[in-house]
**Q** 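I am attaching a structure below and will ask some questions about it afterwards.
Whatever order the structure lists ligands and atoms in, that order sets their numbers, starting from 1.
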Amino acid sequence: MDVPKVAPQPASVAQIERLLESPEIQRLIAELMETRWTRRPGYPVRTMVGMALAKSVYALPTWTKVVALVGEHWRLQRVLGCEGEPPSKWAAYRFAEKLRDNGESVERCIDAVVEGLKAKLPSYGTDLAIDASDMPAYANGQRYVSKNSETERNWHTDPDASWGHRSAVSTRRGGGFFGYRLHAAVCTATDLPVAWSVETAKAHETRFVADLLDTAKRRGAMAATAALDKGYDIQRIHTECMERDCLPLIPLKQTPDVKRGEHRPPECQHGVWTFAGADRRRGATKWRCPTGECAPASTWIKADRLHPLIPRETKRFKVGYRKRAAVEREFGRLKTSWGLKPLRVRGLDRVRLHTDLTVLTKLACALSRTRAQSSASSISRGSAPRQAKILTTASRRGHISPRSIRDI
Ligand SMILES: [Zn+2]
C-alpha cells in the first residue's frame with residue numbers, strides 16, 4: 001500500500017493532541033456524541049475527529065492513507081485513543097458521512113474557532129482580501145466514453161463539477177479547468193482565512209462576495225476594508241461592500257465610462273482637484289480646488305465604482321491593495337501544506353466537507369499556537385515573583401507606573 005514515507009513528527013502528534021483538548025474541538029466531539037450512530041457501533045467519536053484532524057495536519061488526500069498512517073504508528077494511536085486497534089477505512093468513510101449529516105456542528109465549531117482567534121488577535125478579520133481559486137475535480141470532465149461515442153460514461157464523473165476558466169499565474173497558462181472553485185476571504189494582517197465557500201467552477205466569482213462578508217460578520221470579524229482584483233470591479237460589488245460598512249479596494253476596469261474619463265477627479269482652470277477626505281455616513285468623498293480660488297472651493301462626489309470612498313490615487317488604497325496577495329499565499333499554503341489539493345472526493349457536499357475540515361484544522365492549529373504563546377508569556381511573567389513583589393512595592397510608592405512594569 002502507498003504509505004506516506006515520512007513518519008509522523010512528534011511535534012505533529014503533540015499538535016493533534018492539543019487540538020483534541022481545545023474547547024472548540026471538544027464541543028464538536030460532544031455534539032457529535034449526542035447524535036446517535038444509526039449503524040453499527042463504531043469507534044469513539046474523539047478517535048474519528050482526531051483522524052479527520054490528522055488528515056489535514058499530515059496533508060493526506062484520502063482516508064485510506066490516514067488509516068495506513070495511524071495503523072503504522074503507535075504514538076498516533078495512543079493520542080487518538082485507539083491503541084492496538086486503529087480504525088478501518090470503512091469506519092473513516094462512515095464518519096465522513098456522519099459529519100456531512102451534521103454540517104451545523106462543523107459550522108458551529110468553525111464559528112467558535114474564528115471567534116477564539118478574534119479574541120486573541122484583535123487585528124484578525126479587519127482588513128480582508130477576497131479571491132477565488134481553482135480546485136480541479138477528481139474526474140476528467142468528459143461526458144462520453146470516447147470522442148464520437150454517445151454512451152455517457154459512469155466512472156470518473158462528478159455531476160456537481162463544471163468547466164470554469166482560470167487566469168494565467170506566473171509560468172502557468174490560463175485556460176479551462178473542470179471542477180470547483182474555493183471562494184475565500186483571508187485576513188491580510190494574519191494571513192488566516194475568515195470565511196470561505198466552495199462552488200462549482202462555472203459559478204461567477206462575483207456572486208459570493210456578499211455571503212463571504214456576511215459570514216465574516218457573523219463570526220465576529222467586522223471587515224473594514226476588502227481588497228479584490230480587477231475582475232470584481234462592478235458596481236454591484238461596490239454596493240454590497242458599502243452596505244456592509246466595508247470599504248472596497250478594487251482596481252479600475254477599463255469600461256466605456258472609464259474610457260470617457262468619468263472616473264477622473266474634477267478639474268478647473270487651476271488644475272486637477274485634490275482629495276480632501278471621505279465621509280462614510282454621507283457616502284461621499286470631498287474634492288477641493290488646488291488653489292481654493294473657485295467658488296465653491298470644494299465639492300462632494302457620491303461614492304460609487306468610479307469614485308470609491310478610498311480613492312484609487314491615495315496611498316491608503318495602494319498600501320491596502322498590495323496586501324491582497326495574502327489570499328493568494330493562503331490558497332497556496334492550503335493546497336500544498338494542508339492537503340486541500342488534490343481532491344480525492346466527488347460531489348459538492350463532499351468537496352465542501354473536505355475544504356471545511358482542512359481550513360478548520362489550520363485555524364484550530366493557529367488558535368492553539370496563539371494560546372500556547374500567551375500562556376507561555378504569562379508563565380514567564382509569574383516565574384519572577386521576587387522581582388514582581390519589589391516592583392509592586394515600588395509602584396505603590398509611586399516610583400514606577402504600572403505600564404513600566406509591563407515593559408520590564
Ligand atoms: Zn479652481
**Q** How many protein N, O or S atoms are found at a distance of less than 2.8 Å from the Zn ion (ligand 1)?
**A** 4
**Q** Under 4.0 Å between a side-chain nitrogen and a carboxylate oxygen: does that hold for Glu24 and Arg371?
**A**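 Judged by the 4.0 Å cut-off on N to carboxylate O distance, Glu24 and Arg371 do form a salt bridge.
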**Q** Do NZ/NE/NH1/NH2 and the carboxylate oxygens of Arg236 and Glu243 come within less than 4.0 Å?
**A** no
**Q** Less than 4.0 angstrom from a charged side-chain N to a carboxylate O is my criterion; do Arg166 and Asp134 meet it?
**A**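 So Arg166 pairs with Asp134 through a salt bridge.
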**Q** Would you indicate whether Arg329, at its atom CZ, is surrounded by more than 12 heavy atoms from other residues, nucleotides or ligands within a distance under 6.0 Å?
**A** yes
**Q** Does Lys55 make a cation-pi contact with Trp63, if we ask for NZ or CZ under 6.0 Å from the ring centre and within 45° of the axis?
**A** yes
**Q** Return each pair, listed once, that meets salt bridge (charged side-chain N to carboxylate O under 4.0 Å, His left out) where at least one residue sits in residues 117-131; pairs must be two or more places apart or across chains.
**A** Asp131-Arg324
